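Worksheet: the structure to be examined is printed underneath.
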Amino acid sequence: MKKKTKLTPYLYIIPGLLMVLGFVYIPIAVNLVYSFFRLSSYSSSMKFVGLDNFRRLFTSETFPIMIRNNVYYAVISLIVQVGFGTALALLLESKLASERFRSICRNIYFIPALVSLTAVGLMFNFIYNPQFGMLNTFLKNIGLPQLQQTWLGDKNLAIFCIIAMSQWQFTGYITLLMVVAFQNISSDYVEAAIIDGAGPVKRALSIMLPLAKEQLLVCSIITVIGAFKLFTEVYSTTSGGPGNSSQVLGLFLYQNAFLHDDMGMAAATGVLIFVITVTASIFQLRISHSGEV
């Protein structure tokens, strides 16, 4: 009976472990193996090429453009989504906001995150349209026609227009995550700080943010990972154009796999994305001293 009791927890773990192995770790291992081969989805033959796929990737003309665009996305998303989203969460959980106001704002902020990425891309295609788009029309109506642009058609603006679209959609999601974290903080700490004369800013910096550090770290990690997995937003708006000015790693992977039938290059790109995201996550864990008492 005791032996059966000891085995019971493992029986519950096995299904989840098999799913993680089948859908996460085994595909990662297979992708790593494929990155050393030249292969096609239309042929079963595989030619071992060693590190040649990585050489072609790193020497590609679009490689520095892709890295730059993904880094732009990550940095701006950390500032806007995590930074501004946290500030909104602090405002919603402050004594300045009534419960009814908080409830309305939480719903309003979260609604964009529920919209399909493809639908958002199509919507912003209309907003950025140079002829009849809402943005250029708005600028014209307020007397600023000189600011009108071919937003997605300008190689210097295209990636930033895509980034702006994403900030609109996901800032509310981060806000809601941080609201939950702040709500889990014991009110005793806040009340003690109020008695000691600490103002709203002091309470936020000295109590709320330190006690919500772990959630803030999670938000930062998922934001950085999302930045280097970026695909749908670019695909549904510019497809990497004009030229390759808005090209990103995720789209480059897709194009090599399904348009150019270069599965080896696609696998190598996937390995690079995996290495970057894991490294960034470990770095954030280290600098935040997560889990330390």
Side-chain angles (χ1 to χ4, degrees), residues 22-74 76-77 116-125 128-129 150-163 165-166 224-280:
F23 292 103
V24 180
Y25 294 114
I26 291 176
I28 289 173
V30 171
N31 186 79
L32 178 61
V33 172
Y34 283 168
S35 68
F36 299 111
F37 288 85
R38 185 72 58 80
L39 66 157
S40 167
S41 58
Y42 299 105
S43 173
S44 59
S45 62
M46 298 170 60
K47 179 183 178 182
F48 181 76
V49 294
L51 297 175
D52 186 62
N53 288 324
F54 292 96
R55 180 194 61 79
R56 291 192 297 129
L57 172 61
F58 294 142
T59 57
S60 168
E61 292 181 359
T62 58
F63 180 73
I65 298 173
M66 294 186 294
I67 294 296
R68 182 194 66 196
N69 288 339
N70 282 112
V71 170
Y72 278 160
Y73 190 98
I76 294 173
S77 295
S116 162
L117 283 171
T118 304
V120 171
L122 294 174
M123 180 179 71
F124 272 83
N125 262 323
Y128 290 136
N129 188 284
T150 54
W151 302 99
L152 295 176
D154 189 322
K155 65 179 183 179
N156 296 317
L157 292 175
I159 187 61
F160 295 106
C161 291
I162 295 169
I163 293 172
M165 174 182 77
S166 300
V224 171
I225 291 174
F228 284 93
K229 288 170 56 184
L230 182 66
F231 167 73
T232 308
E233 294 91 328
V234 182
Y235 181 74
S236 62
T237 50
T238 64
S239 295
N244 285 311
S245 62
S246 61
Q247 184 67 277
V248 291
L249 289 169
L251 181 62
F252 184 76
L253 184 157
Y254 168 83
Q255 290 173 337
N256 277 283
F258 300 107
L259 298 183
H260 308 313
D261 195 30
D262 192 346
M263 303 299 290
M265 174 69 89
T269 308
V271 171
L272 176 63
I273 294 173
F274 175 76
V275 170
I276 290 173
T277 53
V278 170
T279 303

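These numbers come from a predicted model, not from an experiment.
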Item checked: From Y42 atom OH to D261 atom CG, the distance as rounded to the nearest 0.5 Å -> 5.5 Å
Item checked: Close side-chain approach of N53 to R56, heavy-atom, < 4.5 Å -> yes
Notebook entry, point to check: Taking all atoms of both residues into account, what is the closest heavy-atom pair of I65 and S245, and its distance?
Noted result: CG2-O, 4.0 Å
Next item on the list: Take Y73 and V248, measure what side chain to side chain contact (heavy atoms under 4.5 Å, CB included) needs, and give me the verdict at the end.
Entry: CA-CA 10 Å; Y73 190 98; V248 291; over 6 Å; no
Checklist line | Residue list, salt bridge (Lys or Arg N to Asp or Glu O under 4.0 Å) with D154, at least two apart or on another chain | finding: none
Item checked: CE-OG distance between M123 and S236, expressed to the nearest 0.5 angstrom -> 10.5 Å
Item checked: Closest non-hydrogen atom pair, W151 against C161 -> CB-SG, 3.6 Å
Check: Do F63 and T59 have side chains that get closer than 4.5 Å, going by heavy atoms?
Finding: no
Check: What closest approach, in Å, do N156 and F160 show between heavy atoms, and which atom pair accounts for it?
Finding: O-CD1, 3.4 Å
Item checked: Within-4.5 Å side-chain heavy-atom neighbours: N70 and I276 -> no
Margin query: I want to check something: taking the side chain as every heavy atom from C-beta on, are N129 and N125 in contact at a cut-off of under 4.5 Å?
Written below: no
Check: For the atom pair CD1 (I28) and CG (N31), what is the distance rounded to the nearest 0.5 Å?
Finding: 8.5 Å
Next item on the list: To the nearest 0.5 angstrom, please state how far the CE atom of M263 sits from the CZ atom of R38.
Entry: 13.5 Å
Notebook entry, point to check: Taking all atoms of both residues into account, what is the closest heavy-atom pair of P242 and G153, and its distance?
Noted result: CG-O, 3.5 Å
Next item on the list: Kindly give the heavy-atom pair with the smallest separation between T62 and F252, and that separation in Å.
Entry: OG1-CE1, 3.7 Å
Notebook entry, point to check: Closest approach of A257 and A266, non-hydrogen atoms and distance?
Noted result: CB-CB, 3.7 Å
Check: Which distance, rounded to the nearest 0.5 Å, do you find between the CG of L57 and the CG of L51?
Finding: 11.5 Å
Check: Is there side-chain contact between Y128 and T237, with at least one heavy-atom pair below 4.5 Å?
Finding: no
Cut-off 3.5 Å, no hydrogens considered: what does the side-chain donor-acceptor table look like for residues 227-235, sequence neighbours left out?
none

Note to self: Taking CZ in F58 as the centre, count heavy atoms belonging to other residues, nucleotides or ligands within less than 6.0 Å. Is the count above 12?
What the structure shows: yes
Item checked: Gap between atom OG of S35 and atom CG of D52 - 0.5 Å precision -> 11.5 Å
Next item on the list: Anything under 30° is parallel, anything over 60° is perpendicular, the rest tilted; go ahead and classify F37 against F48.
Entry: perpendicular
Next item on the list: Flag the pair Q255 / Q247 as yes when at least one side-chain heavy-atom distance between them is below 4.5 Å, and no otherwise.
Entry: yes
